[in-house]
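Report on the structure given below.
Any value given below was found using the heavy atoms of this structure, including those in side chains, with hydrogens, waters and symmetry copies removed. As the structure is a computational prediction, the values presented were derived from the model and not from experiment.
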Amino acid sequence: MLGESKAFSGFSVDDTAAAKRFYGETLGLNVTEADGMLELHLATGARVFVYPKRDHRPAAFTILNFPVADVGKTVADLKARGVSFESYDMPGLKTDEDDVFRGGGPHIAWFTDPAGNILSVLAE
């Protein structure tokens, strides 16, 4: 029934202006705005709808993953742009001194947008 629908994902933020700066300027994504809402245009051709929500609560899970060729270099580059990465030290999930998880599976590092939503960069 919906197999032909051009579905897209979305998430909320508490400040669309801050989100537009972060996704557009800091991360370098193509971001468009209409009627107070944002659309992220990803390199895959997918688009993600970002909408304001007064009682926004950050997602407790990763909402957007960015595959990259070199996780360590990307983390360093994003840190230079002011992005703070999450540091984890729990059973089965420990990041190293560079805030990268290298404990099995793809190397991955997590960070948040200005609204507190969790994003990641991970090895392609």
### Task
Decide yes or no on side-chain contact (heavy atoms from CB on, under 4.5 Å) for Asp96 and Arg102, but give the supporting numbers first.
CA-CA 8 Å; Asp96 63 17; Arg102 302 175 200 267; 2.4 Å; yes
### Message
If the test is side chain to side chain contact (heavy atoms under 4.5 Å, CB included), which one of Asn30, Thr32, Val48 qualifies with Glu39?
### Response
Thr32
### Query
Roughly how far, to the nearest 0.5 Å, is CZ of Phe22 from CG of Leu119?
5.5 Å
### Intermediate values then yes/no, side-chain contact (heavy atoms from CB on, under 4.5 Å), Asp35 and Tyr51
CA-CA 10 Å; Asp35 300 319; Tyr51 58 94; over 6 Å; no
Side-chain donor-acceptor contacts of residues 109-117 below 3.5 Å, not counting sequence neighbours, with atom names and distances?
unit_1 : atom_1 : unit_2 : atom_2 : d
Trp110 : NE1    : Thr62  : OG1    : 3.3
Asp113 : OD1    : Ala115 : N      : 2.9
Asp113 : OD1    : Gly116 : N      : 3.0
Asp113 : OD1    : Asn117 : N      : 2.9
Asp113 : OD2    : Tyr23  : OH     : 2.8
Asp113 : OD2    : Asn117 : ND2    : 3.2
Asn117 : OD1    : Ala59  : N      : 3.1
Asn117 : ND2    : Ser12  : O      : 3.0

### Query
Are Phe66 and Ile63 grouped together when hydrophobic residues (ILVMFWY) are joined by side-chain heavy atoms under 4.5 angstrom apart?
yes
### Query
Is Val83 linked to Ile108 within one hydrophobic cluster, defined over Ile, Leu, Val, Met, Phe, Trp and Tyr using a side-chain heavy-atom separation of less than 4.5 Å?
no
#### Entry: Residues Asp77 and Lys73 bridged, charged N to O under 4.0 Å
yes
### Query
Between the main-chain N or O of Leu122 and the side-chain N or O of Ser120, is there a donor-acceptor pair closer than 3.5 Å?
no
### Query
In terms of hydrophobic clusters joined by side-chain contacts under 4.5 Å, are Leu78 and Leu64 together?
yes
### Task
Would you mind checking if Lys79 and Asp98 are paired as a salt bridge, meaning a charged N to carboxylate O distance below 4.0 Å?
no
### Message
side-chain contact (heavy atoms from CB on, under 4.5 Å), that's the test. Do Thr95 and Asp89 meet it? Break it down for me.
### Response
CA-CA 7 Å; Thr95 52; Asp89 187 4; over 6 Å; no
### Task
Let me see the working for Phe101 and Lys94 under side-chain contact (heavy atoms from CB on, under 4.5 Å), right down to the final yes or no.
CA-CA 6 Å; Phe101 173 71; Lys94 180 171 177 48; 5.5 Å; no
